[in-house]
*Asks:* 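Next up is a structure, given as structure tokens.
Order of the sequence lines fixes the chain letters, A, B, ..., with proteins taken first and strands second; residue numbering starts at 1 for each chain. Below, each value reflects all heavy atoms present in this structure, side chains not excepted, and no hydrogens, waters or symmetry copies.
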Amino acid sequence: MLAASAEEEFSEELLLKPLPDRKILAHFHFRNEAPLAADSFARHHHLFPKSISQLVQKFHIKAMELSFTQGRWNYERWGGFDPISSHNAKPPGVELWAVFDVPQHQVDASWKNLTHSLSGLFCASINFLESSTSYSAPEWAFQSALGSLRYGTLPREAVCTENLTPWLKLLPCRDKAGLSSLMDRPSIYRSFYHSQRLHLIMPTAVSDGSKSGIILEQTLTVVLQPNNQKASMNHVGETKIQPSWSLSSIFGRKISGRCVLAKLSNIYLHFERGLVTQLDNLQKKSSKFAANDTGLTWKHPVVWSSSHAPLYASRFLMGSGNERGAIAISLKSTEMTKGLVSANNVEERCKLQVNVLQIVPWYVKVYYHTLQLLVDERPQVLADFVERMRVSPSEDKVSPGVMELVLQFPCEMKSAVLSIEFDKGFLHIDEYPPDANQGFDIPSAIISFPDFHAGLQFCEKSQSKSPLLSKLQERSPVLSYTEVLLVPLTTPDFSMPYNVITITCTVFALYFGSLLNVLRRRVGEEERLLKNKDAKKAVFLRRMLNKLSAKLRGRPSESTPSPPSSSSSPFVSPKLILRVLMVAGIAVAWQYYSQ
Amino acid sequence: MGLSVSMLPMKVVLLMLLIFLCYSVAYSSSSSETTMHTNNWAVLVCTSRFWFNYRHMANTLSLYRTVKRLGIPDERIILMLADDMACNARNKYPAQVFNNENHRLNLYGDNVEVDYRGYEVTVENFLRVLTGRHETAVPRSKRLLSDEGSHILLYMTGHGGDEFLKFQDSEELQSHDLADAVKQMKEKCRFKELLIMVDTCQASTLFSQFHSPGVLAIGSSMKGENSYSHHLDSDVGVSVVDRFTFYTLAFFERLNMYDNASLSSLFNSYNPNLLMSTAYYRMDLYQRHLEEVPVTNFFGSVMKTIYTDSAYRSWSNKKIRAAKSKMPLDQSIFDSDGRVLRKSDEEDQFNNLTAEDYIRDSVGQIWSAILSNVNTFESTDTFVCYGLVLMLPLLIFSTWLSSK
């Protein structure tokens with residue numbers, strides 16, 4: 001249980017660790033602490049960033065972690081058992097989990113508002129996590145014991161300078177002084193793996209359990225390759241001298257001075273246990289450490305390997321086609337498990353507990369009854385190995401599918417594969433992203449080993465004041481993240497709406513056009529028109545005569561057709577002339593008689 | 001009796017004058033010319049996705065850099081980038097974006113804040129930013145919080161055509177939608193003046209439907225013309241900048257924050273032969289003359305400060321000093337959003353003021369107040385209004401004299 005002190009404190013530390021495959025791990029650790037007096041609601045902060053304290057107060061956050069990562073942590077080469085890989089090896093993209101201190105029915109609203117605020121604060125599209133299809137509430141993972149936890153990831157989010165800029169502005173010295181002035185952007189973004197993380201904790205006071213402060217931890221983990229060996233990628237087996245490096249050679253910058261606001265500003269160089277034993281074996285001076293511009297020069301080739309997690313976890317897709325497929329999680333034993341077996345007592349059965357959390361979006365419709373387990377390539381009954389299982393099936397366009405498993409494996413197992421089948425769903429045409437042909441992502445699964453605790457042990461206890469070292473000594477379960485899977489879904493032809501409209505309009509035009517033609521046009525009309533033109537001269541009088549004779553005779557008039565009114569009559573028709581003459585005559589008569 | 005008869009038309013005239021004055025004062029207070037220019041905003045939008053549209057990102061980032069260099073802070077810039085080029089896996093120079101083959105300038109720099117990224121750059125979000133109609137949860141940094149005194153620069157680049165602009169290869173923004181959004185903005189008093197700059201093919205068709213006052217627009221090409229990229233960078237592998245933006249930048253790189261270059265010099269600097277298209281601008285909705293508008297009214301945020309060591313003196317003394325030394329109280333002081341602090345070495349002469357000086361000072365104070373009011377006029381009818389106010393006492397005096 002961490003306790004906050006009575007005033008604000010800031011400390012900055014950098015840990016450098018050579019990795020077996022000729023790379024260097026640089027881990028920046030900034031810790032900012034602010035006390036929260038119970039009787040004051042408002043507070044002036046002079047080291048702690050105001051935006052974070054406002055966020056905590058507004059959304060009643062108990063704990064939160066936000067990470068921006070690019071690259072994949074190579075568990076085989078860089079280790080899986082040490083605290084840095086357990087805490088700082090994160091899935092690519094954005095990962096956010098938060099525990100809230102509000103009643104159950106308000107947690108989703110708080111989560112939604114939190115994602116929007118974070119997206120404005122860190123220049124990322126974290127607001128996409130607001131929709132219920134992208135977040136979930138796992139119960140047995142993370143720190144769900146604290147309360148209502150919500151978890152979401154965006155695997156495809158890009159991470160670049162615009163995410164680092166506001167993150168650095170939360171530090172008291174920004175990127176102007178101290179260790180953060182080392183962060184040369186091109187060097188960081190050229191690295192094999194970089195992850196910036198923000199972790200907020202509200203520790204409770206030991207005495208009464210009330211909140212005693214806020215602790216903000218910001219870490220940046222970068223795996224770099226020194227410049228002089230950029231081109232070659234060597235196997236670990238080849239005995240070549242490790243590249244020599246210094247801070248200015250890997251970052252291109254020098255530290256100008258410490259941050260004066262920091263209580264503690266240290267640089268540590270971490271040699272792993274495997275490396276130390278190798279160095280001892282050589283019994284020669286195989287490396288030289290420079291203090292001013294911190295660096296390391298290797299004189300003799302050394303080969304070592306990092307400590308691994310109990311099982312390698314990896315995940316892949318099976319099947320082909322756009323209709324269905326299967327997801328498989330494979331767990332392989334490492335040297336560590338072999339060590340477990342050999343160290344074990346013969347009478348007791350050595351058991352290895354593995355927790356699996358997998359969240360799958362709704363359009364990958366998983367069939368949970370098809371969950372199969374193969375141990376050492378032989379199919380097994382699931383109930384023999386699964387201790388507990390919690391499944392929250394997905395709902396179309398509402399929530400993703402969550403599966404949490406607690407498995408118990410025998411330590412002598414060589415490999416295990418968990419596979420589950422799925423059908424690919426259909427999305428509405430508006431729901432496709434602009435680059436739909438790339439495919440859709442299934443976020444990383446989380447494999448944890450609760451029996452083991454990743455924590456370093458130091459011989460001397462005097463370093464306990466350093467926050468980084470105390471963090472490294474903390475006992476926390478070993479975590480591994482699997483790969484993100486890319487699922488190609490069927491994409492529609494996005495030009496189809498245009499095609500449909502065009503063809504429908506054409507069909508309508510043809511249909512109604514021909515219908516109108518059929519109804520309106522008469523057969524033989526043109527011949528009749530021609531005939532009428534000849535008979536036009538005495539047409540009016542003839543018609544009158546016909547009508548008169550018909551009336552006298554009491555018979556219907558003959559079939560002499562009257563000229564249709566729509567025929568092209570001349571501008572001045574005879575009828576009109578007669579009428580005009582009649583009116584003129586009446587007018588003359590009137591004039592004559594009125595005078 | 002003769003007096004009363006002659007007084008009658010005078011009284012009528014006075015009454016009419018008073019009514020006219022009240023009306024004109026009321027009218028002038030509601031006209032927009034009297035709102036002061038308070039701040040500058042910039043909305044920079046890149047609408048293209050995918051690596052081969054690198055140049056559109058470089059265009060937008062070049063404008064971003066210019067606008068930041070000339071003074072607009074990140075809080076007043078809304079930057080919308082539809083894809084990530086700097087940290088793209090295809091970028092040989094991570095975290096670096098160049099707009100020139102010589103790679104002299106890294107546009108991405110160390111302090112970049114992108115407000116709308118990736119899939120968030122949609123027509124809906126763009127129109128929400130312009131009209132200010134967001135959901136309640138949207139944070140302040142993603143909102144255009146301009147007021148009635150703001151000058152807004154809106155720059156859009158990407159692929160476009162006749163009366164539309166393509167967003168991310170999946171939707172379009174039409175010219176009448178944009179005109180409607182700008183009309184909404186004007187109704188809600190969200191800007192005083194708006195400059196729209198568009199760098200796409202057939203760009204000038206995008207603002208053909210505007211009818212709101214206070215809008216100035218320039219496009220890189222006319223209807224039927226394409227806008228071309230400037231050059232290809234064989235190292236990065238794609239074209240890195242468009243011609244229109246390249247020449248715009250060439251104009252701005254010569255400027256610093258205090259230069260007085262006018263908009264007309266910017267608009268006249270475009271050579272159709274070099275651009276391979278005609279840069280067409282539309283000023284029929286804009287009242288001011290382009291020669292009098294400095295480019296920093298839109299592209300920068302100018303605050304002139306003069307450093308002074310000693311304590312700040314009261315404002316009235318400063319005005320007297322101004323009136324005495326005949327310093328020009330012209331628009332370089334009053335039109336920019338600046339406050340001017342006078343030099344401190346002129347203050348030593350204030351200490352020896354006598355009684356006559358005080359009377360002269362008060363007259364000078366009134367005179368300088370009048371002068372300052374005169375110089376903030378931006379239209380003639382307010383001038384006429386004030387002239388009439390001045391004439392009124394003269395009229396009363398003359399009637400009194402004539403009645404004697």
Side-chain angles (χ1 to χ4, degrees), chain A residues 51 55 59 68 70-71 93-94 109-128 130 154 156-166 168-169 174-176 180-181 183-191 194 253 429-430 432-438 494-495, chain B residues 47-51 53 57 61 64 74-75 77-89 91-98 103 106-125 134-143 166-172:
Chain A
S51 47
L55 211 65
F59 300 120
F68 295 85
Q70 282 286 71
V94 166
S110 300
W111 168 265
K112 178 180 165 185
N113 291 333
L114 175 68
T115 53
H116 274 281
S117 302
L118 287 175
S119 104
L121 194 55
F122 289 103
C123 297
S125 38
I126 302 177
N127 51 327
F128 286 144
E130 64 164 346
L154 288 171
R156 214 185 280 184
E157 185 73 13
V159 177
C160 206
T161 313
E162 65 261 20
N163 302 116
L164 193 61
T165 307
L168 284 173
K169 286 188 181 168
R174 310 275 191 274
D175 56 344
K176 305 279 183 249
S180 43
S181 62
M183 294 184 190
D184 180 43
R185 313 294 191 257
S187 309
I188 294 176
Y189 293 107
R190 192 181 291 135
S191 57
H194 60 91
R253 290 186 192 180
I429 194 168
D430 293 339
Y432 283 96
D435 52 352
N437 291 303
Q438 190 180 358
F494 292 103
S495 64
Chain B
T47 59
S48 300
R49 172 167 277 273
F50 304 122
W51 176 247
N53 290 319
M57 197 74 55
L61 287 170
Y64 175 73
D74 269 318
E75 294 95 59
I77 302 178
I78 304 240
L79 181 60
M80 300 172 81
L81 296 180
D83 200 0
D84 174 46
M85 299 297 173
C87 293
N88 198 317
N91 193 357
K92 193 176 154 188
Y93 300 94
Q96 288 160 294
V97 174
F98 303 113
H103 294 187
N106 171 16
L107 298 172
Y108 227 59
D110 278 353
N111 281 325
V112 149
E113 288 188 16
V114 181
D115 299 300
Y116 286 85
R117 251 198 351 175
Y119 298 136
E120 286 184 289
V121 178
T122 56
V123 174
E124 183 195 338
N125 281 345
H134 295 279
E135 291 179 19
T136 43
V138 172
R140 279 177 71 92
S141 64
K142 284 176 149 178
R143 294 183 190 228
K166 195 163 76 153
F167 265 69
Q168 294 210 51
D169 213 16
S170 67
E171 41 180 11
E172 290 99 31

*Asks:* Can Trp111(A) and Phe59(A) be said to form a side chain to side chain contact (heavy atoms under 4.5 Å, CB included), step by step?
*Replies:* CA-CA 8 Å; Trp111(A) 168 265; Phe59(A) 300 120; over 6 Å; no

*Asks:* Once rounded to the nearest 0.5 Å, what's the spacing between atom CG of Leu114(A) and atom CD1 of Ile126(A)?
*Replies:* 8.5 Å

*Asks:* Which bit of Glu113(B) comes within less than 4.5 Å of chain A, counting heavy atoms only: side chain, backbone, both or neither?
*Replies:* both

*Asks:* Which bit of Asn163(A) comes within less than 4.5 Å of chain B, counting heavy atoms only: side chain, backbone, both or neither?
*Replies:* side chain

*Asks:* Is the backbone N or O of Lys176(A) less than 3.5 Å from a side-chain atom of Ser181(A), with the two atoms forming a donor-acceptor pair by type?
*Replies:* no

*Asks:* Measuring from atom CD of Glu130(A) to atom NE2 of His116(A), what distance do you get when rounded to the nearest 0.5 angstrom?
*Replies:* 3.5 Å

*Asks:* Can you confirm whether the side chains of Lys169(A) and Ser51(A) place a donor and an acceptor under 3.5 Å from each other?
*Replies:* no

*Asks:* Look only at the side chain of Asp84(B) and the backbone of Val159(A), and say whether a donor-acceptor pair between them is shorter than 3.5 Å.
*Replies:* no

*Asks:* Relative to chain B, which segment of Phe128(A) carries a heavy atom at a distance below 4.5 Å: side chain, backbone, both, or neither?
*Replies:* side chain

*Asks:* Taking salt bridge (Lys or Arg N to Asp or Glu O under 4.0 Å) as the test, write out the residues that go with Asp175(A), two or more places apart.
*Replies:* Arg185(A)

*Asks:* So for Asp110(B), is it side chain, backbone, both, or neither that comes closer than 4.5 Å to the heavy atoms of chain A?
*Replies:* both

*Asks:* Within residues 114-124 of chain B, which positions have a heavy-atom distance to chain A below 4.5 Å?
*Replies:* Val114(B), Arg117(B), Tyr119(B), Glu120(B)

*Asks:* Which residue out of Glu157(A), Met183(A), Lys112(A) racks up the most heavy-atom pairs below 4.5 Å with chain B?
*Replies:* Glu157(A)

*Asks:* Under the side chain to side chain donor-acceptor pair (under 3.5 Å) rule, collect the residues that match up with Glu75(B), sequence neighbours excluded.
*Replies:* none

*Asks:* Relative to chain A, which segment of Glu135(B) carries a heavy atom at a distance below 4.5 Å: side chain, backbone, both, or neither?
*Replies:* side chain

*Asks:* Go through Pro166(A), Pro434(A), Ser117(A), Ala436(A) and name the one with the most non-hydrogen pairs under 4.5 angstrom from chain B.
*Replies:* Pro434(A)

*Asks:* Do the charged groups of Arg49(B) and Asp169(B) touch, with an N to O distance under 4.0 Å?
*Replies:* no

*Asks:* Any idea which of Tyr108(B), Phe50(B), Tyr93(B) has the most non-hydrogen atom pairs under 4.5 angstrom with chain A?
*Replies:* Tyr108(B)

*Asks:* Out of Asn113(A), Leu118(A), Asn127(A), which one racks up the most heavy-atom pairs below 4.5 Å with chain B?
*Replies:* Asn127(A)

*Asks:* ring-ring contact (aromatic ring centres under 6.0 Å, His included) with His194(A): which residues, sequence neighbours excluded?
*Replies:* Tyr189(A)

